[in-house]
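Throughout, numbering of the chain's residues begins at 1 and tracks the sequence. Counting starts at 1 for both ligands and their atoms, following the listed order.
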Amino acid sequence: MRLLIMGPPGAGKGTQAAVIGAHYDIPAISTGNIFRLAITKRTPLGERIKRIIADGGYVPDSLTLRVVVQRLEEEDTKGGWLLDGFPRTVGQVKALDAELDGHGYQLDAVISLTADETALVERLLKRAEIENRPDDNEETIRTRLEVYHEQTDPLIDVYRERGLLIEVDGMGEVDEVSERVLAALAEKLGR
Ligand code: AMP
C-alpha cells in the first residue's frame with residue numbers, strides 16, 4: 001500500500017501518519033522528521049537546511065528528493081509506505097511520479113487533512129511550547145502557512161483529478177480524527 005498524507009502545518013499529519021502506518025503495517029516517512037534529525041545531528045545536510053527550516057521556507061527540491069529517494073531504497077519500504085509531508089511542490093509530484101513509475105508502483109490514496117486556519121495557528125503555538133521546535137514561532141508559522149497555500153495547496157487538485165484524494169476533517173480530538181481517517185481509507189481501499 002502506498003499512501004500520502006497532506007495538509008497545512010499544524011493539521012496533525014505526523015500524529016495521524018503514525019496511526020495509519022501502524023494500522024496498515026507500513027513505515028510512516030516524514031521528510032520534516034528526517035530534516036530535523038539531520039539538523040540535530042549536525043550533518044552536512046542539516047547544516048545546509050537549518051536556516052531554511054527555521055525561517056519556515058521549503059528545502060530545495062533537489063535536496064528533498066535525494067533524501068526521499070534514499071529513504072525509499074531501504075528494506076522496510078518494500079511492502080509499502082506512507083509519505084508524510086512529501087510531495088509539497090509540483091516538481092516533487094513529478095519526481096514522485098517518476099520514482100513510482102520506475103518501480104512499477106502506483107499510489108493507492110492521498111489523504112488531505114483539512115483544518116481551520118485560526119485553530120492551526122493556535123495549535124502550532126502550543127506545539128512550539130511543548131516540542132521546542134525552532135520553526136514554531138508566530139512569524140515562522142505565518143510564513144509556513146503562506147508557503148503552504150502558495151506551493152502545496154495546488155497539489156490537492158492534482159490528486160483530486162487523479163481520483164486519489166480523500167479529504168478528512170482534521171479538527172477535533174486526535175482519536176476522533178484517527179477514526180475518521182481510518183474509516184475513509186477503509187471505504188476507499190476496501191480494507
Ligand atoms: P513538517 O514536519 O512536515 O511540517 O516539515 C517541517 C519543515 O521541513 C517544513 O516547514 C519545510 O521547511 C521542511 N520540509 C519538510 N518536507 C518538505 C518537502 N517535501 N519539501 C520542502 N521542504 C520540506
Undergrad: Would you find more than 12 non-hydrogen atoms of other residues, nucleotides or ligands less than 6.0 Å from D101 atom CG?
TA: yes
Undergrad: Return the closest protein heavy atom for atom 8 (O) of ligand 1 as residue, atom name and distance.
TA: I53 CD1, 3.5 Å
Undergrad: Using modelled atom types only, decide if a donor and an acceptor are shared between the side chain of T31 and the backbone of G85 within a distance under 3.5 Å.
TA: yes
Undergrad: Write out the residue and atom name of the closest protein heavy atom to atom 6 (C) of ligand 1, then the distance separating them to 0.1 Å.
TA: R36 NH1, 3.5 Å
Undergrad: Of the backbone atoms (N, CA, C, O) and the side-chain heavy atoms from C-beta on, which set of V59 has a member under 4.0 Å from an atom of ligand 1: side chain, backbone, both, or neither?
TA: both
Undergrad: Using only atom types and a distance under 3.5 Å, with no angle test, would you say the side chain of K13 pairs donor to acceptor with the backbone of G7?
TA: yes
Undergrad: Are L155 and V110 packed together at the side-chain level, in the sense that at least one heavy-atom pair is separated by less than 4.5 angstrom?
TA: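 No - every pair of side-chain heavy atoms lies 4.5 Å or more apart.
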Undergrad: Near Q92, which atoms of ligand 1 are under 4.0 Å from a heavy atom of that residue?
TA: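 Every atom of ligand 1 under 4.0 Å from some heavy atom of Q92: 18 (C), 19 (N), 20 (N), 21 (C).
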Undergrad: Which atoms of ligand 1 are found less than 4.0 Å from any heavy atom of T64?
TA: 18 (C), 19 (N), 20 (N), 21 (C)
Undergrad: Hey, is CZ on R48 packed in by over 12 heavy atoms from elsewhere, all under 6.0 Å?
TA: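 Open: at most 12 neighbouring heavy atoms sit under 6.0 Å from CZ of R48.
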Undergrad: When you measure from the side chain of Y24 to the backbone of R191, do you find a donor-acceptor pair of N or O atoms at a distance under 3.5 Å?
TA: yes
Undergrad: Under the side chain to side chain contact (heavy atoms under 4.5 Å, CB included) rule, what do V67 and V59 come out as? Steps first, then yes or no, please.
TA: CA-CA 11 Å; V67 160; V59 173; over 6 Å; no
Undergrad: Test of understanding: given a 4.0 Å heavy-atom threshold, classify the contact between F35 and ligand 1 as side chain, backbone, both, or neither.
TA: side chain
Undergrad: Only heavy atoms count here, so choose which of G91, A11, G85, G56 is nearest to atom 19 (N) of ligand 1.
TA: G85
Undergrad: For atom 4 (O) of ligand 1, grab the closest protein heavy atom and report residue, atom and distance to one decimal in Å.
TA: R88 NH2, 3.3 Å
Undergrad: Give the numbers and elements of all ligand 1 atoms closer than 4.0 Å to a heavy atom of R144.
TA: 4 (O), 10 (O)
Undergrad: Check each atom of ligand 1 against the heavy atoms of G57 and keep those under 4.0 Å away; list them by number with element.
TA: 11 (C), 12 (O)
Undergrad: Between Y159 and S112, do the side chains contain a donor N or O and an acceptor N or O under 3.5 Å apart?
TA: no
Undergrad: Tell me whether T31 has any N or O atom under 3.5 angstrom from an N or O of ligand 1.
TA: yes
